[in-house]
Amino acid sequence: MTTLLDLFLKGKCKNCPPIWFMRQAGRYLPEYGRVREKCKTFLDLCYTPELAVEVTLQPVQRFSFDAAIIFSDILVIPDALGQKVSFENLKGPVLSSLPLDSFQTILSYDRFFEKASSVYEAIRLTRSSLCTSKTLIGFAGAPWTLSLYMLEGAGTRDFAGAKQQAFQQEQQFLELLDFLVEVISNHLIEQVKAGVQVIQIFESWGGLCPATHFEKWILKPTQKLVSKVKKVFPDLPIIGFPKGIGPHLLEYSVKTGVSAVSLDSSIPLSWAQNNLSSSLILQGNLDPLLLVAGGNGLKEAIRSIHQEMGDRPYIFNLGHGILPQTPLSHVEECIRVVRSLG
Ligand code: CP3
């Protein structure tokens with residue numbers, strides 16, 4: 001049997017691709033709701049190792065996915081740096097204000113590892129109870145995506161306030177990105193030391209970066225981040241998920257140093273095949289709403305992804321996180337079809 005990790009170590013195997021889903025531990029699972037109820041806030045769940053482990057394992061136990069992704073959130077970083085983060089029901093995340101011209105006075109490294117250590121503890125506990133054939137994935141948000149939440153103070157459609165500040169005070173903004181590169185790389189290094197075998201960098205709002213600033217705001221910071229982590233762990237597989245960057249994927253895949261790229265559903269796989277190095281590992285890219293819809297459309301889309309990927313090593317995944325309204329039976333069906341591919 002080939003594991004997800006084997007794909008990075010040995011390349012494509014003849015069998016079906018390994019499969020996991022972004023946000024696979026979450027609200028579409030009734031057992032997640034039962035654990036979530038035990039905690040007053042979402043961050044309490046992230047910071048309680050025993051519960052984070054339980055939730056991390058749930059999707060692997062129910063569906064036998066090939067990988068577990070540690071249960072946490074990209075916004076644990078600002079929270080552990082001292083910027084207050086809360087998750088208001090149905091409103092998404094809310095962060096206390098962070099003026100760009102004085103971010104150094106609010107963000108502090110002093111208590112970071114004290115708070116983040118519960119994430120590393122959850123990783124140690126998860127690895128020791130996870131079967132060796134299952135890969136444990138760690139993650140963090142990329143500097144650009146994290147900075148947008150931190151400056152906007154919430155998740156919005158266009159992050160207009162954050163982007164305006166970045167344009168108006170670019171020097172300070174670049175300093176914030178540099179600071180985040182440092183923190184994120186250390187957070188990822190600690191996750192690997194605790195037992196994750198692969199990491200994923202979520203650039204969920206890559207599509208909001210103007211093409212003219214792509215190099216400064218996304219490419220260079222990601223390059224620095226990857227090289228800092230690789231300096232400590234040269235062979236660590238790193239998956240980049242630069243959502244919405246379209247044709248910049250070529251530069252991203254060549255210059256950042258990532259080992260694999262996760263594609264969002266807007267990327268035609270024929271474009272990826274023609275433009276991205278044939279040895280690059282790809283991940284993706286089923287539309288999460290096709291999984292909600294189910295039926296023949298779902299089956300056809302799965303087979304079409306497999307066919308388009310051809311001889312390339314790839315990991316079956318969604319183009320973005322699984323949606324809360326996804327029927328469990330559609331997840332089962334999807335895994336059944338993927339496992340029947342040869
Ligand atoms: O993938 C997993 O199973 C691991 C857990 C995980 C969560 N968040 C748990 C979560 C991961 C990998 C994330 C990453 C994350 N968090 C991203 C990048 C991925 C993406 O979807 O683009 C982003 C942008 C965030 C920030 C975030 N966290 C938002 C915007 C929200 C609110 C919107 C929403 O989906 O609810 C969250 C909350 C959150 N993070 C939940 C979960 C399970 C739901 C909160 C709850 O249960 O009350």
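Just so you know, residue 1 is the first one in the sequence shown, and it goes up from there. Both ligands and their constituent atoms are indexed starting at 1 by order of listing. Side-chain atoms are counted along with the backbone in the values below, which use heavy atoms only and exclude waters and symmetry mates.
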Colleague: Got a salt bridge between E152 and K163, using NZ or NE/NH1/NH2 to carboxylate O under 4.0 Å?
Modeller: no
Colleague: How far is atom 38 (C) of ligand 1 from its nearest protein heavy atom, and which residue and atom name does that atom have?
Modeller: F87 CE2, 3.4 Å
Colleague: Side chain of T222, backbone of T256: donor and acceptor closer than 3.5 Å?
Modeller: no
Colleague: Need the ligand 1 atom indices (1-based, order shown) with element for anything under 4.0 Å from a heavy-atom of Y149.
Modeller: 24 (C), 30 (C)
Colleague: Would you call L174 and D178 a side-chain contact if the rule is heavy atoms closer than 4.5 Å?
Modeller: no
Colleague: Report the nearest protein non-hydrogen atom to atom 32 (C) of ligand 1: residue, atom name, distance rounded to 0.1 Å.
Modeller: P93 CD, 3.8 Å
Colleague: Quick one: nearest non-hydrogen protein atom to atom 28 (N) of ligand 1, plus distance?
Modeller: D73 OD1, 2.7 Å
Colleague: Which atoms of ligand 1 are found less than 4.0 Å from any heavy atom of I70?
Modeller: 4 (C)
Colleague: Note the single closest protein heavy atom to atom 45 (C) of ligand 1, along with its residue, its atom name and the distance in Å.
Modeller: F42 CD1, 3.6 Å
Colleague: Does the N or O separation between A25 and ligand 1 drop below 3.5 Å for any pair?
Modeller: yes
Colleague: Counting heavy atoms only, name the option from L29, I69, L45, L323 that's nearest to atom 2 (C) of ligand 1.
Modeller: I69
Colleague: At a 4.0 Å threshold, what atoms of ligand 1 neighbour a non-hydrogen atom of R27?
Modeller: 34 (C), 35 (O), 36 (O), 44 (C), 47 (O)
Colleague: Tell me yes or no: between the side chains of Q197 and R127, is some donor less than 3.5 Å from an acceptor?
Modeller: yes
Colleague: Is L57 reachable from L29 through a run of hydrophobic residues whose side-chain heavy atoms are each under 4.5 Å from the next?
Modeller: yes
Colleague: Regarding atom 20 (C) of ligand 1: of the candidates K243, E88, M22, H320, which has the closest heavy atom?
Modeller: H320
Colleague: List ligand 1 atoms under 4.0 Å from S72, heavy atoms only on the residue side.
Modeller: 5 (C), 6 (C), 7 (C), 8 (N), 9 (C)
Colleague: Provide the number and element of each atom of ligand 1 under 4.0 Å from a heavy atom of Q24.
Modeller: 1 (O), 2 (C), 3 (O)
Colleague: Can you tell me which residue and heavy atom of the protein come closest to atom 18 (C) of ligand 1, and the distance to 0.1 Å?
Modeller: S204 OG, 3.2 Å
Colleague: Of all the heavy-atom pairs spanning P93 and F87, show the shortest one and how long it is.
Modeller: CB-CE2, 3.8 Å
Colleague: Can you find a side-chain donor-acceptor pair between Y28 and H330 that sits under 3.5 Å?
Modeller: no
Colleague: Quick check on contacts: which atoms of ligand 1 are under 4.0 angstrom from a heavy atom of Y32?
Modeller: 43 (C), 46 (C), 47 (O)
Colleague: Would you please indicate yes or no on a ring centroid separation below 6.0 angstrom for H213 and F167?
Modeller: yes
Colleague: Which pairs, with at least one residue in residues 201-210 and sequence neighbours excluded, count as a side chain to side chain donor-acceptor pair (under 3.5 Å)?
Modeller: T145-E203, Y149-W205
Colleague: How does P59 reach ligand 1, by side chain, by backbone, by both or by neither, if only non-hydrogen atoms under 4.0 Å count?
Modeller: neither
Colleague: Which residue owns the protein heavy atom closest to atom 14 (C) of ligand 1, what's the atom, and how far is it?
Modeller: I74 CG2, 3.8 Å
Colleague: Linking Ile, Leu, Val, Met, Phe, Trp and Tyr by side-chain heavy atoms under 4.5 Å, what else ends up with V292?
Modeller: L289, L323
Colleague: Kindly identify the option in K91, R23, Q200, R36 whose heavy atom sits closest to atom 33 (C) of ligand 1.
Modeller: R23
Colleague: Suppose we measure from atom 12 (C) of ligand 1 to each protein heavy atom; which comes out shortest, and what is that distance?
Modeller: F139 CZ, 3.4 Å
Colleague: Of the options K243, H320, Q283, which is the one that meets S262 in a side chain to side chain donor-acceptor pair (under 3.5 Å)?
Modeller: Q283
